[in-house]
Each structure stands twice: as structure tokens, then as C-alpha cells.
Amino acid sequence: MKVDPERRLRAIAGLTVSIRLAVSALVLAAILLTAALSSLLWWRTAEATSRQLASTINEQIVAAVRKEVSAIVDEARAAHTAIRTLFLQNVLDTREADKREFVFLSQLQSQATISWVAFGWPDGSFFAAHKLGDRRLEMMEISLTDHAGQRRVDEYDVVPGDIEFANRRFEPTSFRVADQAWFKAGLDADEPQWFRVTEHATGERPSIAFAGPIDVYQERQGVLAVIIEYTRLARFLSQLEVGRTGTAFIVDGSGELVAAPDKDADELHPARGDTTLLPLARAALDKAGEAGRKEAWRSRLISGGAAYEVALTPLPFPGWSLATVIPEAEFLGPVETTLRRLIFGLAIGAVLAALASAMLARSVIAAPLSRVVGELRHVEAFALEQVRRHPSRLKEIASLSGAIAEMASGLSAFRKFIPADLVRGLLRQGVEARPGGTVQELSVMFIDIAGFTGLSERLGDRVVPLLSRYLDVTSEIIVANGGTIDKFIGDAVMAFWGAPQPQDDHAARCCRAALACRKAVAESGLVDDLGQPLQIRIGINSGRMLVGNIGSELRLNYTVIGDAVNVASRLEGANKAYGTHILIGETTERLARGAVITREVDSIAVYGREEGLLVHELIGIVDGEAIDAEAIGWIADYERGLAAYRARRFAAALADFEAVLKQRRHDRPAELMRERCRQLASAAPDADWRAVAALATK
């Protein structure tokens, strides 16, 4: 059969038109399908995100409550242990009223969550210190021998930093400590334990008590109880934001309410928080069973036609659980409304975009395929500068090429403004800006210029260049040895090792830095206004100290605080008395032993402390420059003399210190010890004499 060529051409033309229509329809269908899938994905993602938000809120609340309950339990145990220790060590007698009152009141003031500190004697007598909110305290005593059925109450006003006596009254009471479960169990127990308490001398107040016996010289003196009223928990819960209408409850294992949010609750005002959602919490407890008492449990409950997210989490106190109840509509309602609007908008936009795309596709497909192929080959070869702008609708290819080039240029310029190594450094050294810290064993160093006060007075503002050069030298050494510079205080430099990056050898690093600082200052050529080389004094100590972001809400400082820090500062000043350059504490010497060369100088009581502290002079580093063994043989002579001095063998000690001075003519510690031995040899000390030197100044 012969086919007409003209008919074939018309068929081809018709086929071409059909392809264009098919492509347009395909583009339209693709856009609509994409819009529908995108809307569905957004819906699912938003719903999951909302539920995750609710979960995150719940986790934050749980963390806060667990931390608070742990703190309450720890504070109660700490207060009980502190008072019990005073009794056991016979520092405080149970019948010493003045001391007892002071100790009990001090515990109430120092522990914010404690409501009562109470003590019951075996004869039924009772004494307690009790908070009356945040601004008043009361002390009460019930003596069954002198005032049967009557209690004496002294009230105090809490003023900043102190308390003031307000009034005293006597009033009848039916309270008997001998009837209390915590007292009866405590008399028969060996260790303190927790009790649930309802009845108090002031009336019924739900509470928990940490109570246990007090024995002195194996004789039971009575029972000590530290009591926390539930109102303190209610006030804490009121500070938590459980959404707009959600609530958090603390319940015990039987579902009984322990605390509901109430910002006004305290020892004077019973908790009257909103318990509307409490039945849901109890229903969750019943549904969870034992699983909800042992581990975190979540469920979705329906009540009154509304859905609620209920979470149960065990708390550190035995049998207690935290129940959070959040209406589902609170976090899903706005999302659903927004998503409906978004879907409606996406649908309209998709239709309009599909129509515009179909029209654009027609125009683009109508362009000659040869030009499309040519442009594609330019793109394939990445010769974007050769892409020509066509008068047709394909000119966007050239614009895209230009946009890509501008983006590359912009990125190159951005790298010049913010170098990559700087960014990496910031990420490595970043510390989260949140108040708080942790107790760690660290080493801290204080550096000071000898005679700086007089030097600054003589030089005036001319001291600035000298001070800047000195700080540059010491700072460079500290950083090179892995130290963290805490602050500059005039001419003083404070630095510490072991944080924020852990360092197992923090004591040795600190000692190496100290010796390097002294050497660097000596070699720097820094001199004072009299032409004398600048001299520095260094104090080093190691121990457990608080490290972290310390400060106010407006300003934080990453620093260390604690007694070990104060001792390091005192050791820096002690150099002046002993004529030394670097003094280190006994903990530092122990941690760095084997890496440093030291001599034990003395046992001193630094300013503000009574107990003796072994102090060592830092001489050198074991793996540093070679040190002749004979050159430091005087160390053994000195420490032998020190041992004889402490053993009251002053004549032998004097001979050893004389031997040191023959080798080191101007060794100031040996001169001081020689003078002490001479004085003590001529006038023997009494039996209470201790080989501890007290420093009268900082």
C-alpha cells in the first residue's frame, strides 16, 4: 500500500502537537502531585514536630523536678549528717539550748527547702526550729517535766544576713513526740530513714522527714529529724511552665497527691493548687501499673471529649512519680489550623504554577533542539562564560551561570573575612554560656611582681608599657603549657590547669609553666625604674575546686573558686616571708612528684586558716636542664634539719641549717629556721608547741 507523503507530514505535525500537549499535561500533573505530597509531608512533619515539642517540654520539666527532688533529699541528708556529726563529736550537747538553737536555725537558713529541724528526747521532751514562710522563723520547746501540755515558742524575723527576736509566747499543746512514728522508729533504729509525716506541733501538714537516732558515747540521746513540708514542692512546681493550661503533679505510689503547683504555698499557707487534671494523672498511674513506677511512661488519654498527653516519670524519692498532663489541643490545635491554611494556599499556588509551567513548557519545547543541544554541551563542558543569552525563554540559563559565578566570588570573599581556621578554633574552644559549674581537682597559679606597689607609685602611668610586656611574656608561657588564663588583677596573673579540657598532669604542667615564666621574665630584660631586674613571686596549689560559669544573670565569668584557690593566693604572698620565688602546696607536690624537684620549706598556717599546710619550694623540672646532684645536696640537709626541728631536736636541726648556709650563703628559709632553732634551744617550748608557722598577713 502506498502512503501519501503529504499525509505523512500532516501526521507528523499532528504527532508533534500531541507531544506538546502531553508534556504540558505531564508538567501539570507533576506539579499537582508534588504539591499534594509536599502538603502531606508537611502535615506529618509538623505533627511529629509538635509531639516532639511536647516531649521536649516534658523532658525539661522532668529534669527540673528530678533535680529539685534530688536537691531536697540531699539537703535533708546533709543537714542531718552535719547536726549528727556535731553531736557525735561532742561539739554540741543535746541539752545545750543556746548552741542547739543556733545550729538548728543556721540549717534552716542555709537550706532553702527544709521546713523543720526537730529533736526528741527519750523522756518525751521535744525541741524544733520551724520556718514560717520566707520571712519568719520560730523555735519551740515542749518539756513534759516542767510545763506538761504546754509549749514555749520564740519567733524571729528574718532580715538580710541575720535574724531578729520578735516575741515569745506559751501556749497549750496536745502534741506528743513519743506518739510520732518517726520518733518511735528512730529510737529503735541504727541508721536514719525517711518517714511520711502528717502531724506536727503546729497542726497537720503533709511532709516527709529524714529521721534517725543520735548516740553519744554509745548512749542514745534521742532522735533527730529534718522535715520538708510538701508546700515547698508545690511552690517549686508553680515555677514550671507546662504549656498554657497543662499541669505537673507529684504523686506517691498509691496515687495520693504530694504536690500540685501553688506559688503562694509555704509553711504558713497550705497548698491549694488547681487539681482539675489530677484524675487524669491517677488514671495514668492505674493504667501504667508497675511499669509506670519503675521507668518513664507516656500515654494519650481522653477525658470530656478532649485528648491529653500524660507522662509519668519516677523521681529520686522512693515511691514518688512526676505526672505531667498537657492538653493535646494546646500544641496541635494551632498547628492544624496553620496547616489547613498552608495546604489551601499550596493548592491554589500549585494550580497557578502548573498552568504557568505548562505555558512555559510549550514555549521551551517549541525552541529548536539544536540550540538546546548546543547550550547543554556548553554546560557539560562547564564553559558557562560561553553560554549565550537567547532572545527566547531560555535566557535564564545565562542568568543562572552568572548567579553561580557571583556566588563563587562571594564565597571566596567570605573566606577572606572569616578564615576557616578561626571558625574551627571557635568551635573547639566554645563553652556553653549557662550558669553553674562542677567540682574538679585542678591546679591554680598566682603570679605577682615583687614590690609592684612602690614601683607603680614611682612610675605612674609609665608603668603601663612595663606591665604590658610582663603580661605578654607570662601569658604566652601559660598558654603554651596548656593553661587557662582566668584574669589579670593589676600586676597579678591568675591561671588554672585541668579545665575546660581535662589534663591528667595538670599539676606538672602548672609547675613547668611557673619555672618557664620565671625564666622568661629574667631573660626578657625587664627592669624597674632603678635598673634592677624585675622579680616575680608565684604561688601554686592543687585540690578540689568549683569550676564553671560563675556570676550574675547579666555577666558570667569562667573561673575557679574554693579554698584551694585561696591557699594558692596565700602561698604567692608567703614567698615574701621566706625569700622564695615559687611556693607550691602539698597536694601539688604529691601530684607532680617525679616530674619536679622541690624542697619542703615549712608547715605554715596561711592567713585565715589554723591548720598547718606543708609548703614546698619549686626548684626545677626532672626532665629539664641537667642539675648536678651535688648542687642540690643542700635540699637533703635542709629537710633533715626540718625533721629534727619538728622532733624538738633543735641543736641537731641548727647544725643542719648551718650546713645548708655553707652551701647557699643567702638561703632565706634556712636563715629563718636557724633563728627559730636558736630561740627554741635557749628557751624550750611548752608541751602545746606545734611546728607550724602562722602567717599574719595575706
Side-chain angles (χ1 to χ4, degrees), residues 437-448 477-478 481-486 492-518 536-548 550 559-578 580-624 635 638-639 642-643 646 669 690-695 698:
T438 59
V439 176
Q440 301 180 36
E441 185 178 71
L442 309 174
S443 295
V444 62
M445 175 172 69
F446 285 85
I447 309 177
D448 206 352
I477 297 297
I478 291 171
N481 283 272
T484 299
I485 298 176
D486 188 298
V493 181
M494 176 182 173
F496 56 91
W497 278 257
Q501 297 298 325
Q503 297 167 333
D504 295 335
D505 59 340
H506 54 84
R509 286 173 179 259
C510 187
C511 291
R512 281 195 292 268
L515 291 168
C517 284
R518 182 185 173 195
I536 61 173
R537 294 191 289 255
I538 301 176
I540 297 174
N541 193 39
S542 302
R544 295 186 65 79
M545 56 192 75
L546 178 65
V547 57
I550 310 300
T559 186
V560 291
I561 58 175
D563 184 65
V565 180
N566 299 334
V567 169
S569 176
R570 302 295 188 266
L571 291 180
E572 182 276 321
N575 283 289
K576 185 175 181 180
Y578 286 91
T580 53
H581 295 284
I582 307 175
L583 288 180
I584 66 175
E586 57 187 297
T587 304
T588 304
E589 189 276 336
R590 175 176 57 80
L591 293 175
R593 189 175 298 161
V596 297
I597 299 173
T598 65
R599 70 156 160 177
E600 184 178 348
V601 175
D602 200 358
S603 179
I604 66 174
V606 298
Y607 184 82
R609 293 167 60 105
E610 295 182 359
E611 65 271 21
L613 171 69
L614 298 182
V615 179
H616 299 256
E617 181 185 9
L618 182 60
I619 306 298
I621 298 294
V622 171
D623 58 357
I635 295 179
Y638 184 93
E639 294 183 345
L642 187 61
R646 291 170 176 166
R690 295 190 308 156
V692 177
L695 298 183
K698 296 182 180 182

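Please read these numbers as outputs of a predicted model, since none were measured by experiment.
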Legend entry - Spatial distance of atom CZ (Arg590) from atom CG (Leu614) [nearest 0.5 Å]: 12.0 Å
Inset, instruction - Check side-chain contact (heavy atoms from CB on, under 4.5 Å) between Gln503 and all other residues, then give those that pass, not counting sequence neighbours. - result: Trp497, Asp505, His506, Arg509
Legend entry - Residues in ring-ring contact (aromatic ring centres under 6.0 Å, His included) contact with Phe496, at least two apart in sequence or another chain: none
Inset, instruction - Only counting residues at least two apart or in another chain, list the ones meeting side-chain contact (heavy atoms from CB on, under 4.5 Å) with Leu515. - result: Ile582, Leu618, Ile621
Inset, instruction - Tell me, please, which residues at least two apart from Glu600 pass salt bridge (Lys or Arg N to Asp or Glu O under 4.0 Å). - result: Arg646
Inset, instruction - Kindly write out the residues that satisfy side chain to side chain donor-acceptor pair (under 3.5 Å) with Arg593, not counting sequence neighbours, or none if the list is empty. - result: Glu589
Inset, instruction - Using side-chain contact (heavy atoms from CB on, under 4.5 Å) as the criterion, list what pairs up with Asp602, not counting sequence neighbours. - result: Tyr578, Ile604, Leu642, Met673, Arg676, Ala693
Inset, instruction - Hey, could you give me the CD1/SG distance between Ile538 and Cys517, rounded to the nearest 0.5 Å? - result: 5.5 Å
Inset, instruction - Could you list the residues that satisfy side chain to side chain donor-acceptor pair (under 3.5 Å) with Asp486, not counting sequence neighbours? - result: Thr559
Legend entry - Any residue meeting side chain to side chain donor-acceptor pair (under 3.5 Å) with Arg518, in chain and number order, not counting sequence neighbours: His581
Legend entry - Test side chain to side chain donor-acceptor pair (under 3.5 Å) applied to Ser603 - qualifying residues, sequence neighbours left out: none
Inset, instruction - Please name all residues satisfying side-chain contact (heavy atoms from CB on, under 4.5 Å) with Ala507, sequence neighbours left out, ordered by chain then number. - result: Ser443, Ser542, Thr588, Leu591, Ala592
